[in-house]
Amino acid sequence: MSKLQTISDQTPAPQAHKDDSQLRQKRMIAEHFGRLAKSPQTGERNAYTFVPGNLTELLRSFDLLPVLPEINALQSAMRGKSREYIALAEKAGHSEDVCTYVKCDLGMMKSGNIGPTGEHLPDPDLLLLSYTGCFTFLKWFEILREEYDCPIAMLHVPYQGDGEITDAMRDYVVDQLKTKVIPKLEQVSGKKYDEDRLSEMLARSAQAEEDLVWVLESAKHRPSPIDAYFGGVYYIGPIFTAFRGTEDAVLYYRALRSEVQDRIDRGLGPVTPDGDLGEERFRIVVEGPPNWTDFREFWKMFADEGAVVVASTYTKVGGVYDNGFRHDPARPLESLAEYCMGCYTNLNLPSRVQMLADYIRDYDADGLLINSIKSCNSFSAGQLMILREVEQRTGRPGGFIESDLVDPRYFSAANIKNRLESYFQMIQQKRVGGAA
Ligand code: SF4
């Protein structure tokens, strides 16, 4: 899923005036893609890998630069490129039902592999599949393997079918890290595994994670100083992508935290595409990824109604940290294994229901809204059951809308706006009814 976004020149900034954290993130991204573009000359090597269950610190401990295909796909959508990329992939025989991240990525590759900053992305030196819950990832890399002549490594992450991580599951992942993944990273990078270096990075990860959780939990305030879905995708950018474990990420989250603290001190709500939100009328929990082709318009539909997303599951696809998990420098490989197994898409449905019901209670939300994504089975399976269960447990009304990640053919603005307005009216009526 992911599911997430990095801020570049093309993405709509959450506010006209750029905060230090935004400028910092923009600089980090520009530098990262600049290094990738120059890598054929500098000799730096990379690994293509996915967001959920990513092994960023481990890759960086070998000086490998991560490339995340889902991020490139969503960035292509925000730059208005996904329609043509998807059409190219469908012309090449990929069905309409295939996840649109995959088709967008393939179309981008066939169009010269130009990344989010407009620079050429190098071919992969390694395809590293950390398999957490979504079968599509496996098929996606099978396709890339046919295109690129490079080594591959796979980490099989067991699904949390019973809602827990057992010792045997942890050992199984650690064993693969030691015997399959690390040897491949040594081969591709030409460097030896350095556990001390990895631990230093994990210590920085934990610091950044602490601040990220603080920022996400700031939405418990009234008014919430952040939007934990539309704004949240900016906040998770560095930690879910190429920067976890770096000093840059630590500084980014420190700056972000102090900016959010400032908003709390001044009693301000979140920033929206049109500036500061006025009155906070509705507090919503959202399940499912956002739509990227019309991200700004989608966000505005909420902001125009005074609706703030106070918690979302999408901001947990690259790691669930608000349950207390932090990367642990004292147990580097065990901690990476637990991280992979704890990602949202690797959780079973009862755990997801519980998480959402807890969010409604802890963030004092008016209800749960599901954005069901046409092409993402990993998120969409079981969502109607989730909706009913959460409604039943919390007594708060649920709403359901449908769109897609990066296929503009499946974003019907009038339809979505209509449903959202009805949903907010329903919440309003329940309030009036409850007060009567
Ligand atoms: S199906 Fe969903 S989780 Fe899987 S790759 Fe596509 S967007 Fe990501």
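Atom set for the values below is all heavy atoms of this structure, side chains included, hydrogens, waters and symmetry mates excluded. Counting starts at 1 for both ligands and their atoms, in listed order. One-based numbering along the sequence shown.
The shortest separation from a heavy atom of F379 to ligand 1 is not under 4.0 Å, leaving the residue out of contact. Judged by the shortest distance from any of its heavy atoms, L405 lies inside the 4.0 Å radius around the atoms of ligand 1.
Ion pairing between E142 and K139 holds under the 4.0 Å rule for side-chain N and carboxylate O.
With hydrogens and angles ignored, the 3.5 Å screen pairs no side-chain donor or acceptor of T132 with any backbone N or O of C343.
Within the listing of ligand 1, atoms 1 (S), 3 (S), 4 (Fe), 5 (S) sit less than 4.0 angstrom from a heavy atom of C134. Residue Y101 has at least one heavy-atom neighbour below 4.0 Å for each of these atoms of ligand 1: 7 (S).
Of all the heavy atoms of F50, none lies under 4.0 Å from any atom of ligand 1, so neither backbone nor side chain is involved.
Between E70 and P52 the shortest side-chain heavy-atom distance falls below 4.5 Å.
Every residue meeting the salt bridge (Lys or Arg N to Asp or Glu O under 4.0 Å) condition with R257, not counting sequence neighbours, appears here in chain and number order: D211.
Coordination check, C99 versus atom 2 (Fe) of ligand 1: failed, since every N/O/S atom of the residue sits at 2.8 Å or beyond.
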Distance-only criterion, 3.5 Å: show the donor-acceptor pairs between side-chain atoms of residues 148-160 and protein atoms not counting sequence neighbours.
unit_1	atom_1	unit_2	atom_2	d
H156	ND1	Y172	OH	2.9
Y159	OH	L347	O	3.3
Q160	OE1	E164	N	3.3
Q160	NE2	M341	O	2.9

